[in-house]
There are 2 protein chains.
Amino acid sequence: MFSKACEYGIRALIYIGQQSADFGRRVGLRDIAAEIDSPEAFTAKVLQQLVRQQLLTSVKGPAGGFELTPEQLRTVTLRQVVLAIDGPGMLQGCALGLPQCSAKQPCPMHYQFLPIRDQLNELLRTYTIGELAGKVHEGLGFLKQ
Amino acid sequence: MFSKACEYGIRALIYIGQQSADFGRRVGLRDIAAEIDSPEAFTAKVLQQLVRQQLLTSVKGPAGGFELTPEQLRTVTLRQVVLAIDGPGMLQGCALGLPQCSAKQPCPMHYQFLPIRDQLNELLRTYTIGELAGKVHEGLGFLKQ
DNA sequence: CACATACCGGACAAATTTGTCCGGTAATAA
DNA sequence: TTATTACCGGACAAATTTGTCCGGTATGTG
Ligand code: FES
Ligand code: FES
């Protein structure tokens, strides 16, 4: 579905968001990688991408780390994260790999596939990191097994 | 969504299916690759996989090629093709990459993601190669642009 | 300032996916 | 039988994704 990079990115954001929202606490790379069960250095790369795209805030130095501002918690959606890391492929690409998904020259799956892809888009567009962090806080969702 | 291998496999099957159903005609690798716009040698690998799994029939020698029997046209579903090439990942994996998708320890997206994944499963389970080939025959679907 | 902390950035390496090549094998026909 | 056709199978190569390493840079503390 999503790339590993994207999966790590989303899980990391949710964890950072939960710590920011619930404890106003910055978290370091080591923490993050441990809490979401991901390779530390690789996760760092992904987070750097997100920082550059301003979906995430980082602070250097002692007591530094990653955090999500209240605004980021409220406004950053999964869609933005997926777009930032994986690009638009999964969100608008053809199910059978035609170079363009279009009703002009649709693949045989097009009209059956479209509603499902639309629902996925809607889902990603709707959920913010803050909402997902809330689920983790309430024990309704987990970031590792 | 699916791997390139899987995309080529599905498109190839639909094309072969259309030729088998509409003209009772076997098609060769060269034809297939041209008609679905895919790399010939790589497509060959994918088709070999499908032949081994008996989702496709091949005949060697002059006037040989690939074909789908009436039974294959009627019974082979997209789901079988995806499983044969990409495995069960997309059909039952966790959206955020947790090693197991399970309600026991679900990720924060689980309950939102599940209905969408279920619809995808249903779609793949429902459609046979024969039905999709029909769409191409009627000009309602295309395999390249 | 000196020092410790922790993110940043680039180079590098491993693994996987995608794609190519070529000789082998089976089938058909002259 | 010989030649030709076309799929089969393994080895190989390129490209992409995933993952590691290490020095640089910014920041806070004494
Ligand atoms: S053209 Fe294939 S999904 Fe739209
Ligand atoms: S646990 Fe993530 S989708 Fe089910």
Side-chain angles (χ1 to χ4, degrees), chain A residues 1-13 15-16 19-20 25-34 36-68 82 84-87 89-90 93 97 99, chain B residues 1-13 15-16 19-20 25-34 36-68 82 84-87 89-90 93 97 99:
Chain A
M1 165 99 344
F2 304 121
S3 68
K4 284 291 171 196
C6 196
E7 291 172 356
Y8 298 151
I10 295 173
R11 301 219 303 272
L13 277 187
Y15 172 66
I16 298 166
Q19 294 295 310
S20 292
R25 184 192 292 163
R26 269 176 209 147
V27 285
L29 205 45
R30 186 167 331 208
D31 251 0
I32 297 169
I36 72 172
D37 201 18
S38 70
E40 198 174 312
F42 188 59
T43 306
K45 294 294 187 202
V46 179
L47 295 186
Q48 285 170 36
Q49 268 188 271
L50 295 174
V51 168
R52 277 194 292 269
Q53 311 238 8
Q54 307 187 357
L55 305 180
L56 171 64
T57 305
S58 73
V59 178
K60 288 184 182 178
F66 296 92
E67 67 182 353
L68 284 165
V82 171
I85 301 179
D86 279 353
M90 167 77 27
Chain B
M1 167 100 339
F2 304 121
S3 69
K4 285 291 171 195
C6 196
E7 290 173 355
Y8 297 151
I10 295 173
R11 301 220 301 272
L13 277 187
Y15 172 65
I16 298 165
Q19 295 295 309
S20 291
R25 185 191 291 164
R26 269 178 209 145
V27 286
L29 205 44
R30 184 166 334 208
D31 251 0
I32 297 170
I36 72 172
D37 200 19
S38 70
E40 197 173 314
F42 187 59
T43 306
K45 293 294 187 202
V46 178
L47 295 185
Q48 284 169 37
Q49 266 188 272
L50 295 173
V51 168
R52 276 195 293 268
Q53 310 239 9
Q54 307 186 0
L55 305 181
L56 171 65
T57 306
S58 71
V59 179
K60 288 183 180 178
F66 295 92
E67 67 182 353
L68 284 165
V82 170
I85 301 179
D86 279 353
M90 167 78 28

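Just so it is clear: chains get the letters A, B, ... in the order the sequence lines come, proteins before strands, and each one is counted from 1. Below, all heavy atoms of this structure are taken into account, side chains as well, without hydrogens, waters or symmetry copies.
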Counting side-chain heavy atoms from C-beta on, which of [options] comes nearest to [X]?
X	options	result
A:Lys4	D:dT18, C:dG19, D:dT20	D:dT18
B:Ala5	C:dC8, C:dT18, C:dC21	C:dT18
A:Pro62	C:dC8, D:dT5, D:dT27	D:dT27
B:Lys60	C:dC7, C:dT20, C:dA26	C:dA26

Would a 4.5 Å heavy-atom cut-off, applied to side chains only, mark B:Tyr15 and B:Asp31 as touching?
yes
Hey, are the side chains of A:Leu47 and A:Tyr8 touching, using non-hydrogen atoms and a 4.5 Å cut-off?
no
Does A:Asp37 have any side-chain contact (heavy atoms from CB on, under 4.5 Å) partners at least two apart in sequence or in another chain, and if so, which?
A:Lys144
Would you please name every residue forming a side-chain contact (heavy atoms from CB on, under 4.5 Å) with A:Ser3, sequence neighbours left out?
A:Ala5, A:Cys6, A:Ile85, A:Asp86
According to a strict under-4.0 Å criterion, is B:Ser58 in side-chain N/O contact with OP1 or OP2 of D:dA6?
no
Does OP1 or OP2 of C:dT18 have a side-chain N or O of B:Tyr8 closer than 4.0 Å?
no
To the nearest Å, give me how far apart [atom1] ([X]) and [atom2] ([N]) are.
X	N	atom1	atom2	answer
A:Arg11	D:dT18	CZ	P	13 Å
A:Ile32	C:dA6	CD1	P	12 Å
A:Asp31	C:dC7	CG	P	10 Å
A:Asp86	D:dT16	CG	P	15 Å
A:Phe2	D:dT17	CZ	C1'	17 Å
B:Leu29	C:dC22	CG	C1'	15 Å
A:Phe66	C:dA6	CZ	P	12 Å
B:Ile85	C:dT18	CD1	C1'	13 Å

Using the salt bridge (Lys or Arg N to Asp or Glu O under 4.0 Å) rule, collect all pairs that involve residues 39-57 of chain B, keeping only residues at least two apart or in two chains.
none
Taking only heavy atoms on the protein side, list every residue of residues 42-55 of chain A lying under 4.0 Å from any atom of DNA chain D, sorted numerically.
A:Phe42, A:Lys45
Return whichever of A:Val27 or B:Ser3 has its heavy-atom-nearest nucleotide of DNA chain C closer to the 5' end.
A:Val27
Qualifying residues under salt bridge (charged side-chain N to carboxylate O under 4.0 Å, His left out), relative to B:Lys4, sequence neighbours excluded
B:Glu7
Return the 5'-most residue of the pair B:Gly28, A:Ala63 with respect to DNA chain D, ranking by each residue's nearest nucleotide.
B:Gly28
Qualifying residues under side-chain hydrogen bond (donor to acceptor under 3.5 Å, both in side chains), relative to B:Ser38, sequence neighbours excluded
B:Thr43
